[in-house]
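Letters A, B, ... are given to chains in the order of the sequence lines, protein chains preceding strands, and every chain is numbered from 1. No hydrogens, no waters, no symmetry mates; every other heavy atom, side chains included, goes into these values.
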There are 2 protein chains.
Amino acid sequence: MRLSKKKRQSRLIESFQKNPFLTDEEMAKQCSVSIQTIRLDRMELGIPEMRERLKHMAEKSFDEVRSLSPEEVIGEVISLELDQSGVSVLEISVDHVFERNQIARGHYLFAQANSLAVAIVNADLVLTRSAAIRFVRPVTLGEKCVAHAKVVQKQPSRFQVDVETKVLDDMVFQGVFDVYRATN
Amino acid sequence: MRLSKKKRQSRLIESFQKNPFLTDEEMAKQCSVSIQTIRLDRMELGIPEMRERLKHMAEKSFDEVRSLSPEEVIGEVISLELDQSGVSVLEISVDHVFERNQIARGHYLFAQANSLAVAIVNADLVLTRSAAIRFVRPVTLGEKCVAHAKVVQKQPSRFQVDVETKVLDDMVFQGVFDVYRATN
DNA sequence: CACGTTCTAGTACCTAGTACTAAATTAGTA
DNA sequence: TACTAATTTAGTACTAGGTACTAGAACGTG
């Protein structure tokens, strides 16, 4: 049985969201309407064709992979003295910001600082126990965040790492991380 | 000038890795050979066509997109009372953990909590000013983190949001977020 | 020179579409 | 019920970015 246009369209939105890999042909079968109807619907709803959808997803994930890298560290570490200090750089890309206002989401700045704090400690397994952080001023698209980390307290298996992130000379983030060497 | 077959092919591998969006035509131009040569090369090297490459990337990122979503919120928000409380769930996937020990990187837990704290506040533009957090115990692959957020202090443009993340009844993360409504 | 490798050219075909025209069907309503 | 408007379907021409295949040209080397 066939749904009304409205119902079909809202179903389309949901379906394509849930499974962007669906072709018009498959959708047409699922809705038991012609392929042209599905295409008209996509036009009206502004849903791009499958290939474009996949391209979009690939693009988004491609940048993400490079910036919010699946590596151990977010941001590029440009210097590192184990158990002492380190510097990493993170350039704020479209993937890091709120669409509306181009301001970076806090957790990316946190991730950069946290990763650096963990990377700095010379041990196999290092975890964060706690942190106190402050977002001093919003960071916007394109700005280059340079995080400086310094170990300020060293105990056999416990470290306090201070991180300050700046854009040029402008402090944007400040954090104190309490990290520890865990037994594997 | 033209490279030897071997050099061209290793260049192809590199190029396609660096930019999977390249078509055969573009590659052909770059190498100043015919499009057929590029296709023969891809055959030999077992590199699929661009559309398949993108589809592959999209597939890989699809699961990721749902959990580590590029949306405003990390984790799935399952309930939300604006200006009051909210709950979100994040299942720890391979993308969230250190390879060595399957322990989730702290910033994902932070991201979940931070996103929820921001989502809870009913305003167009909400940013985090500061936070104090504690990683109570490590979270491992597959565990389902349920974050409960509660607004504990409300001022016209400033909120204190407490977040507690649990795995079953086990507290794993605790944070106090100071967020504010910003002028756009 | 002959032979094999490498490269190019060209054709037929494919998928998943766009853009468009035109007809058929259905729904609403005076 | 008849007319109109919205909706749906059908069909054609065309596109990108390919596959699969055939055939010939150019090059290098013994």
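Picking from C/dG17, D/dT19, C/dT8 the nucleotide with the shortest atom distance to the side chain of A/D24 gives C/dG17. Closest to the side chain of B/M50, out of C/dT8, D/dG17, D/dT7, is D/dG17. Proximity note for A/E49 (side chain, C-beta onward) versus D/dG17, C/dT18, D/dT8: the nearest is C/dT18. Among the nucleotides D/dG18, C/dA16, C/dC7, the one closest to the side chain of B/R42 is D/dG18. Minimum atom distance to the side chain of A/L40 is reached by D/dT8, of the listed C/dT8, D/dT8, C/dT6. The side chain of B/Q36 lies closest to C/dA9 when the candidates are D/dG17, C/dT18, C/dA9. For B/T23, the listed nucleotide lying nearest its side chain is D/dG17; candidates were D/dG17, D/dT9, D/dT19.
Distance CD (B/E52) to C1' (C/dT15): 11 Å, rounded to an integer number of Å. If you take NZ of A/K55 and P of D/dG18, they are 11 Å apart, rounded to a whole angstrom. Rounded to a whole Å, the CD atom of B/E44 is 11 Å from the C1' atom of C/dT5. Taking atom CE of B/M27 as the reference point, atom C1' of D/dA16 lies 18 Å away to the nearest angstrom. The interatomic distance linking B/I38 (CD1) with D/dG17 (P) rounds to 15 Å, in whole Å. Residue A/L22 contributes atom CG, which lies 17 Å from atom P of C/dT15 at whole-angstrom precision. Taking atom CD of residue B/E26 and atom C1' of nucleotide D/dA16, one finds them 12 Å apart after rounding to whole Å. With rounding to whole Å, B/D41 atom CG is found 16 Å from C/dT5 atom P.
A/Q9 and A/D41 are linked by a side-chain donor-acceptor pair at a separation below 3.5 angstrom, with hydrogens and angles left out of the test. No side-chain donor from either of A/S15 and A/Q30 sits under 3.5 Å from a side-chain acceptor of the other.
Residue contacts shown for A/I35 are absent, as no nucleic acid heavy atom lies under 4.0 Å away. Using a 4.0 Å heavy-atom criterion, one finds that A/R8 contacts the sugar-phosphate atoms exclusively.
An OP1 or OP2 oxygen of D/dT8 is reached within less than 4.0 angstrom by no side-chain nitrogen or oxygen of A/T37.
Taking the six-membered ring for Trp and the full ring otherwise, the centers of A/F177 and A/F110 sit less than 6.0 Å from each other. Ring centroids of B/Y180 and A/F135 are separated by 6.0 Å or more, keeping the two rings apart.
You'll find a donor-acceptor pair under 3.5 Å spanning the side chain of B/R51 and the base of D/dG17, going by distance alone.
A/D83 and A/K154 are not joined by a salt bridge, as no carboxylate oxygen comes within less than 4.0 angstrom of a charged side-chain nitrogen.
Mapping B/K5 and A/R39 onto DNA chain C by nearest heavy atom places B/K5 closer to the 5' end of the strand.
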